[in-house]
Protein chains: 2
Amino acid sequence: MTNPDDDTPRRAHTGRRRNEDARRAILDAVLVLLAESGGAPVTIDTIARAAGVGKQTIYRWWPSKGAVLLEALTGLAGDVVSPPRGETLRADLTSFVTATFRGARAESTAAVLRSLVREAARDPHAADLVRTFTESRRDALRALLAGHPDELAPDADLDLIVDQLYGLFWYRFLLAHRPLSDEAAGALGAALAAQAGAGSVRP
Amino acid sequence: MTNPDDDTPRRAHTGRRRNEDARRAILDAVLVLLAESGGAPVTIDTIARAAGVGKQTIYRWWPSKGAVLLEALTGLAGDVVSPPRGETLRADLTSFVTATFRGARAESTAAVLRSLVREAARDPHAADLVRTFTESRRDALRALLAGHPDELAPDADLDLIVDQLYGLFWYRFLLAHRPLSDEAAGALGAALAAQAGAGSVRP
DNA sequence: GCTTTGTCGAGACGGAAGGTCTCGGTAAAG
DNA sequence: CTTTACCGAGACCTTCCGTCTCGACAAAGC
């Protein structure tokens with residue numbers, strides 16, 4: 001019996017192929033518009049107009065605006081925070097935090113991050129993407145911690161440390177009441193390294 | 001010369017007065033709807049309908065939806081986290097964090113907080129209100145820390161500690177990847193008390 | 001070359017939501 | 001009993017997302 005919902009096509013793909021130029025033009029337009037907009041929301045129509053593309057071409061390949069933003073962000077991730085492998089946990093933590101803070105200080109990535117969060121507040125699908133993204137960042141940080149097993153107290157709560165780091169990062173990034181400075185990065189790295197080494201205090 | 005933009009009325013207020021019942025009905029409707037909606041967005045029309053009130057009556061007294069939400073939230077603040085004054089910094093911090101976490105676990109307040117954040121992502125005016133709100137919370141926490149000067153290292157970075165606490169709180173609250181449990185509250189309180197006592201580690 | 005098939009740009013369209021405007025009615029002050 | 005300001009109700013405008021339609025065009029197979 002034939003399944004009408006069968007995904008396998010009855011014959012190979014024959015029609016016109018995806019236009020790679022359009023894909024690049026869309027992602028580039030997103031980054032340019034976000035950088036120029038200075039935090040103001042960027043609409044789908046604006047993106048399509050700037051990319052010289054029909055809206056349908058966007059929605060054919062991405063399920064929502066948030067998905068486009070996230071792909072543009074990961075495209076930026078060539079400058080991503082690469083996990084260092086230094087001597088001490090404290091040094092590694094500090095350079096990880098510093099790189100994270102610096103990435104967020106660059107207005108190009110900051111604009112994408114901010115828009116992504118705004119989108120996640122509106123679109124549940126975008127919220128899922130953000131959750132996946134933040135989870136991958138947490139995993140990277142956990143791997144860094146696990147790379148220094150001799151410096152970790154046996155009962156150290158790594159999840160707590162990870163969330164303190166990224167919690168402070170997002171909190172300051174979004175509220176912007178205090179800068180994500182290199183000094184703050186150093187202090188945070190040192191404090192969390194000490195916390196990891198001390199383990200939880202006895203009750 | 002007469003200033004047409006003069007704010008002072010040429011005579012005392014004479015007309016009909018503000019209906020206090022309507023005000024209460026609006027704020028109550030907001031809380032009820034948010035609690036029932038289970039996180040789904042609540043619209044102005046729904047609020048007006050539920051409160052038996054015209055939309056204009058809402059916009060006459062509040063500049064935006066976010067402002068209504070915030071007033072409803074501060075109305076809830078009778079259950080607010082009251083700064084304790086115990087023996088040790090660690091005990092005070094732990095009970096402060098525990099109370100904060102528990103407040104966010106109550107679905108009634110959690111729904112308002114979530115909606116407020118959603119609104120802040122859209123409406124700059126609401127974002128300002130949220131900034132003011134979070135600032136007052138930070139002030140309360142700083143006051144708690146300052147209440148134990150003998151337990152603070154002279155070079156302790158109080159802003160860093162405050163932001164670690166609220167950063168982790170909001171991060172976990174909004175991402176919900178990990179619970180705001182009493183255990184986590186205890187661990188966080190202990191870790192931050194230790195950090196405050198140790199001060200910044202020497203370079 | 002011709003047909004089929006899937007993508008392209010452009011834009012009309014529907015729907016949701018916030019916020020404004022209007023209108024007839026009503027309570028308070030004088 | 002007149003003026004003033006608020007009230008409920010709802011039409012209305014605007015913005016923006018996401019879908020649908022249309023004629024054009026490119027790739028694959030015959």
Side-chain angles (χ1 to χ4, degrees), chain A residues 7-27 29-30 33-34 37 40-70 115-116 118-127 129, chain B residues 7-27 29-30 33-34 37 40-70 115-116 118-127 129:
Chain A
D7 272 356
T8 58
R10 64 193 62 202
R11 85 186 234 184
H13 180 233
T14 66
R16 184 177 182 173
R17 303 309 169 81
R18 177 174 190 178
N19 186 350
E20 188 62 20
D21 291 347
R23 181 181 158 275
R24 287 266 15 120
I26 291 166
L27 294 177
V30 167
L33 287 174
L34 282 174
S37 73
V42 173
T43 72
I44 284 280
D45 294 78
T46 313
I47 296 170
R49 190 70 62 98
V53 145
K55 285 206 293 179
Q56 188 60 275
T57 305
I58 297 180
Y59 283 107
R60 193 188 308 275
W61 301 107
W62 290 277
S64 72
K65 197 172 104 174
V68 185
L69 292 178
L70 188 66
S115 285
L116 203 53
R118 221 200 312 262
E119 207 56 29
R122 215 186 47 78
D123 174 19
H125 182 252
L129 295 176
Chain B
D7 272 356
T8 58
R10 64 192 64 201
R11 87 186 233 185
H13 181 234
T14 65
R16 184 177 182 175
R17 302 309 168 83
R18 176 173 191 178
N19 185 350
E20 190 63 21
D21 291 347
R23 181 181 158 276
R24 289 264 17 118
I26 291 166
L27 294 177
V30 167
L33 287 174
L34 282 174
S37 74
V42 173
T43 71
I44 283 280
D45 293 78
T46 313
I47 296 169
R49 190 71 63 97
V53 145
K55 285 206 293 178
Q56 188 61 270
T57 305
I58 297 179
Y59 282 107
R60 194 189 308 276
W61 300 108
W62 289 279
S64 72
K65 198 172 103 173
V68 186
L69 293 178
L70 188 67
S115 285
L116 203 53
R118 220 200 311 263
E119 210 52 37
R122 216 185 47 78
D123 173 19
H125 183 252
L129 296 176

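Numbered from 1 within each chain, the chains take letters A, B, ... in sequence-line order. Note: hydrogens, waters and symmetry copies are ignored here, and every other heavy atom, side chains too, is used.
- At least one test fails for R17(A) against the ring of W61(A): distance under 6.0 Å to the centre or angle within 45° of the axis.
- Residue W62(B) contributes atom CH2, which lies 18 Å from atom C1' of dT20(C) at whole-angstrom precision.
- With sequence neighbours excluded, no residue forms a side-chain hydrogen bond (donor to acceptor under 3.5 Å, both in side chains) with S37(B).
- To the nearest angstrom, C1' of dG18(C) lies 10 Å from CG of D123(B).
- Protein atom CD1 of I47(B) is 15 Å distant from nucleotide atom P of dA9(D), rounded to whole Å.
- Rounded to whole Å, the distance from OH on Y59(B) to C1' on dC6(D) is 18 Å.
- Per the geometry, NE2 belonging to H125(A) stands 10 Å off P belonging to dG18(D), to the nearest Å.
- Straight-line distance from the CG atom of D45(B) to the C1' atom of dC13(D): 14 Å, rounded to whole Å.
- Atom-to-atom distance recorded for L69(A):CG and I47(A):CD1 is 6.0 Å, nearest 0.5 angstrom.
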Practice problem: Any chance you could list the contact pattern along nucleotides 6-14 of chain C? Use B for base contacts, S for sugar-phosphate-only contacts and - for none, protein heavy atoms under 4.0 Å, 5' to 3'. | Solution: BBBBB-B--

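- To the nearest 0.5 Å, atoms NZ (K65(A)) and CG (L116(A)) are separated by 10.5 Å.
- Note: CZ (R122(B)) to P (dC17(D)) measures 12 Å, nearest angstrom.
- A salt bridge links K55(B) with D45(B); the closest basic N to acidic carboxylate O contact falls under 4.0 Å.
- Rounded to an integer number of Å, the gap from I58(A) CD1 to dC20(D) P is 17 Å.
- Atoms CG and OG, from L33(B) and S115(B) in turn, are 10.0 Å apart once rounded to the nearest 0.5 Å.
- Scored by the side-chain hydrogen bond (donor to acceptor under 3.5 Å, both in side chains) test, R49(A) finds no partners at all (sequence neighbours excluded).
- For R23(B), the side-chain hydrogen bond (donor to acceptor under 3.5 Å, both in side chains) partners are E20(B), E71(B), not counting sequence neighbours.
- When the side-chain hydrogen bond (donor to acceptor under 3.5 Å, both in side chains) test is applied to T57(A), no partner is found at least two apart in sequence or on another chain.
- Rounded to 10°, the helix from dG1(C)-dC30(D) to dG30(C)-dC1(D) has 10° between the axis fitted to its first five pairs and the one fitted to its last five.
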